[in-house]
Each structure stands twice: as C-alpha cells, then as structure tokens.
Amino acid sequence: MSGLSNTPELISCTKSFGGWLKRYKHQSSNTGTEMIFAIYLPPQAQNASVPVLYWLSGLTCTDENFMQKAGAQRMAAELGMAIVCPDTSPRGTDYPEEHDNYDFGSGAGFYVNATEAPWSKSYRMYDYVVSELPELIEANFPVTDQRSISGHSMGGHGAIICALKNPGKYQSLSAFAPISNPINCPWGQKALGGYLGKDKEQWKAWDSCELIATAEEKLPLLVDQGQADDFMEEQLKPEALKAACEAAGYPLEQRIQPGYDHSYFFIASFIDDHLRHHAKALGLIK
C-alpha cells in the first residue's frame with residue numbers, strides 16, 4: 001500500500017475556458033490503492049461554491065478520456081458546474097489475469113463492490129464513487145453538496161445504478177450508450193460473474209433494468225444512443241432499458257441518434273444537451 005495521504009495531492013493543473021482542469025492522486029480507503037481523479041472547476045468556483053457533475057467513464061478508460069475528448073469544459077464554464085472524473089478501476093494491483101482482457105480487471109471495475117477473492121480486496125468502485133470520492137471532493141474543493149451523475153457505456157451503467165440505489169443523493173441522471181441490462185449481455189455476465197460469483201440473483205442488485213422496477217425515486221433519465229454503435233444489440237440493449245422504464249412508469253428520454261457510433265465523437269456531439277439537463281436540475285438555469 002502506498003504511503004500517500006487521503007488528502008488530494010495535485011498532479012497537474014491546466015487553465016481552460018477561464019476555469020481550471022486539475023488532476024489529483026490520493027490514497028483510497030475503499031480500494032486500498034492510490035487513486036487518481038480529475039476535476040474541472042469553472043471560473044465561478046473562484047468566488048463561490050458550485051454544484052458537481054460526476055462522470056463515470058467506460059471500459060479501458062481512465063480519468064483523462066472524458067476531460068480530453070468530450071469538449072465539456074466550455075459549457076461547464078458557462079453554466080458554473082464542476083465536473084469530477086474518477087478512474088474506472090483500482091491501479092497498482094496485480095491479481096492473476098487482471099491485465100489480460102479489456103473487459104475485466106484493470107480498466108473494467110464495473111462500478112460494483114466485488115465479493116469474490118481476490119477482487120474484493122480492491123475492486124470496490126461503487127463505494128468509492130458513491131461515498132468516498134464525493135466526501136473527498138466536498139471537503140477539499142469549492143463545491144456544494146448538490147450532485148448529478150452521468151457516464152458512458154460501462155460508466156452509463158454505473159451512473160444509473162448509483163442513482164437508483166441512492167435516492168436523494170443526486171439531483172439528476174443521464175447516460176450515453178449505457179450497458180443497460182448487464183445480467184443479460186456478455187460484458188456484464190463476465191464482469192458480474194467474476195466480481196460477484198456464480199449466484200445470478202446477486203447480480204440483479206447491479207442491473208439497471210432490475211433496479212428500475214422498484215425505484216424509490218424517479219429522476220428523469222436522459223439517454224443518448226448511437227444508432228451505428230457496433231455494441232448496441234449485443235452489449236448495450238437499449239430496448240431492454242426502454243421496456244423496463246415503460247413497465248415501471250419511469251421517466252426516460254431515450255434518443256437514438258442516426259449515424260453515431262460508440263466513440264467520443266458521439267459524446268462530444270451531444271454533451272452540451274446533457275450538461276443543460278443537469279444544470280436545470282441543479283438550479284443553474286431555468
């Protein structure tokens with residue numbers, strides 16, 4: 001275990017649209033490892049505390065993908081919204097087969113709390129994202145306790161389950177091309193089976209479609225899905241999400257975008273809509 005303090009230690013700082021994009025490292029009590037996160041603080045944060053959008057990235061990503069490729073800083077600066085991007089898995093561990101595949105282990109934490117050895121020692125990204133990271137951010141940066149959450153692919157799955165499992169914690173919710181029904185797709189079955197074991201009943205606690213059926217809070221869910229996404233039918237299953245929301249009376253705006261794929265070109269094309277969606281819920285715009 002690193003001797004690093006839980007106090008965030010600055011790695012880099014870059015000015016962007018009048019605000020600051022910063023990267024920090026700290027010692028995580030949940031993962032037992034050093035974790036890195038990125039935070040964009042808009043210019044308004046120099047004079048007052050601002051609300052936060054938490055962005056969860058997808059398979060193979062780190063904290064850097066969204067901040068470098070999504071083009072979100074311009075609108076975040078205009079709206080007065082901070083954005084926080086955690087990593088997608090613990091780093092610095094070396095469990096058997098951890099680094100062998102893109103869809104399990106390193107870069108593929110799936111935002112669950114693993115119960116199977118050896119993963120249960122460090123792969124607790126759910127607790128890290130829901131509890132530890134917000135506490136750290138709110139204690140060390142000029143932000144309020146008003147939070148929203150979004151993400152892409154595996155991170156879209158993560159954003160939805162974090163909101164559904166924690167009524168009252170987030171003001172708004174959105175996702176890009178989320179893995180909507182992981183208990184019924186290869187990516188999800190591999191990850192949930194590896195991290196949680198063979199009992200598929202335990203998997204349901206981490207599946208958006210299952211959680212929507214009994215949701216205590218119904219935050220309006222904005223989802224964009226590229227129609228030309230190669231993963232749509234086998235892995236993402238937007239039709240399952242739509243059916244679950246219709247059955248539960250859950251408010252869903254699902255936009256199938258013609259011609260768009262699974263890339264950050266797709267995310268950059270519609271990120272402003274999502275930031276405005278969150279800004280309205282956070283009281284930044286009418």
Side-chain angles (χ1 to χ4, degrees), residues 30-33 35 55-63 65-66 86-130 151-165 175-213 223 225-226 229-244 261-264 266-267:
N30 279 292
T31 69
T33 66
M35 294 295 288
W55 173 271
L56 306 184
S57 293
L59 291 167
T60 75
C61 291
T62 69
D63 64 286
N65 296 75
F66 178 84
D87 204 343
T88 51
S89 72
R91 306 289 174 169
T93 51
D94 195 23
Y95 301 127
E97 301 181 1
E98 182 179 12
H99 313 305
D100 293 353
N101 298 284
Y102 79 95
D103 55 355
F104 185 80
S106 183
F110 247 79
Y111 305 102
V112 302
N113 286 337
T115 56
E116 292 292 295
W119 313 103
S120 57
K121 295 179 182 179
S122 300
Y123 277 69
R124 303 186 57 82
M125 290 302 295
Y126 172 78
D127 278 353
Y128 178 75
V129 165
V130 169
H152 172 231
S153 195
M154 178 184 72
H157 142 79
I160 297 172
I161 64 168
C162 286
L164 291 173
K165 291 166 75 70
F176 285 82
I179 301 173
S180 299
N181 192 201
I183 65 174
N184 288 315
C185 78
W187 278 343
Q189 291 166 350
K190 181 175 182 177
L192 298 178
Y195 295 135
L196 304 176
K198 296 180 180 180
D199 183 0
K200 295 184 179 181
E201 285 299 310
Q202 300 299 316
W203 301 3
K204 292 181 179 179
W206 306 97
D207 185 286
S208 297
C209 292
E210 295 288 333
L211 294 171
I212 281 168
V223 171
Q225 170 66 59
D229 189 326
D230 290 339
F231 302 116
M232 183 166 67
E233 292 187 10
E234 183 180 26
Q235 304 284 11
L236 307 177
K237 301 192 177 298
E239 73 287 348
L241 180 64
K242 182 178 180 181
D261 59 15
H262 198 67
S263 72
Y264 267 86
F266 160 57
I267 295 171

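Every residue two or more places apart in sequence or in another chain that forms a salt bridge (charged side-chain N to carboxylate O under 4.0 Å, His left out) with D127 is listed here: R124. Partners of D207 under the salt bridge (charged side-chain N to carboxylate O under 4.0 Å, His left out) rule, at least two apart in sequence or in another chain, do not exist in this structure. Remark: K190 engages N101, D103, F104 in a side-chain contact (heavy atoms from CB on, under 4.5 Å) (not counting sequence neighbours). By the salt bridge (charged side-chain N to carboxylate O under 4.0 Å, His left out) test, D63 pairs with R23, sequence neighbours left out. For the ring pair (Phe, Tyr, Trp, His ring centres under 6.0 Å) test, residues two or more places apart in sequence or in another chain that qualify with H152 are H262, Y264.
Counting heavy atoms from C-beta outward, M125 and P90 have side chains that approach closer than 4.5 Å. The shortest distance between side-chain heavy atoms of I183 and K200 does not fall below 4.5 Å. Taking the side chain as every heavy atom from C-beta outward, C185 and E234 never approach each other to under 4.5 Å. A heavy-atom distance below 4.5 Å is found between the side chains of L241 and I212. Counting heavy atoms from C-beta on, the side chains of T93 and K121 never come closer than 4.5 Å. No side-chain heavy atom of V223 sits less than 4.5 Å from a side-chain heavy atom of P238.
Contact between A159 and G151 at its shortest, heavy atoms only, is CB-N, 3.9 Å. Minimum heavy-atom separation, W119 to G194: CD1-O, 3.5 Å. Taking both residues in full, the closest heavy atoms of A177 and Q225 are given as CA-OE1, 3.4 Å, listed atom of the first, atom of the second, then distance. Considering all non-hydrogen atoms of both residues, A175 and G156 come closest at CB-CA, 3.9 Å.
With rounding to the nearest 0.5 angstrom, the OG atom of S57 is 11.5 Å from the CZ atom of F176. Atom-to-atom distance recorded for T33:OG1 and D87:CG is 9.0 Å, nearest 0.5 angstrom. The OG1 atom of T115 sits 5.0 Å away from the CG atom of L196 when rounded to the nearest 0.5 Å. Note that OG of S153 is 8.5 Å distant from CD1 of I267, once rounded to the nearest 0.5 Å. Expressed to the nearest 0.5 Å, how far OG of S89 lies from NE2 of H99 amounts to 9.0 Å. Between the SG atom of C162 and the NE2 atom of H157 there is a distance of 8.0 Å, given to the nearest 0.5 Å.
Every pair tested for salt bridge (charged side-chain N to carboxylate O under 4.0 Å, His left out) that includes a residue from residues 107-118 fails, sequence neighbours excluded, so the list is empty.
Under a 3.5 Å cut-off, the side chain of T88 and the backbone N or O of C61 do form a donor-acceptor pair. The main-chain N or O of G197 is found under 3.5 Å from a side-chain atom of W203 such that the two form a donor-acceptor pair. Between the Q235 side chain and the W187 main chain, a donor and an acceptor come within less than 3.5 Å of each other. Here the side chain of K165 pairs no donor or acceptor atom with the backbone of L211 at under 3.5 angstrom. A donor-acceptor pair is defined here as one N or O able to donate and one able to accept, closer than 3.5 Å; such a pair exists between the side chain of S180 and the backbone of L236.
Among the candidates W206, Y111, F110, Y195, the single residue satisfying the ring pair (Phe, Tyr, Trp, His ring centres under 6.0 Å) test with Y126 is W206.
Remark: E239 CD is packed, more than 12 non-hydrogen atoms of other residues, nucleotides or ligands lying under 6.0 Å away.
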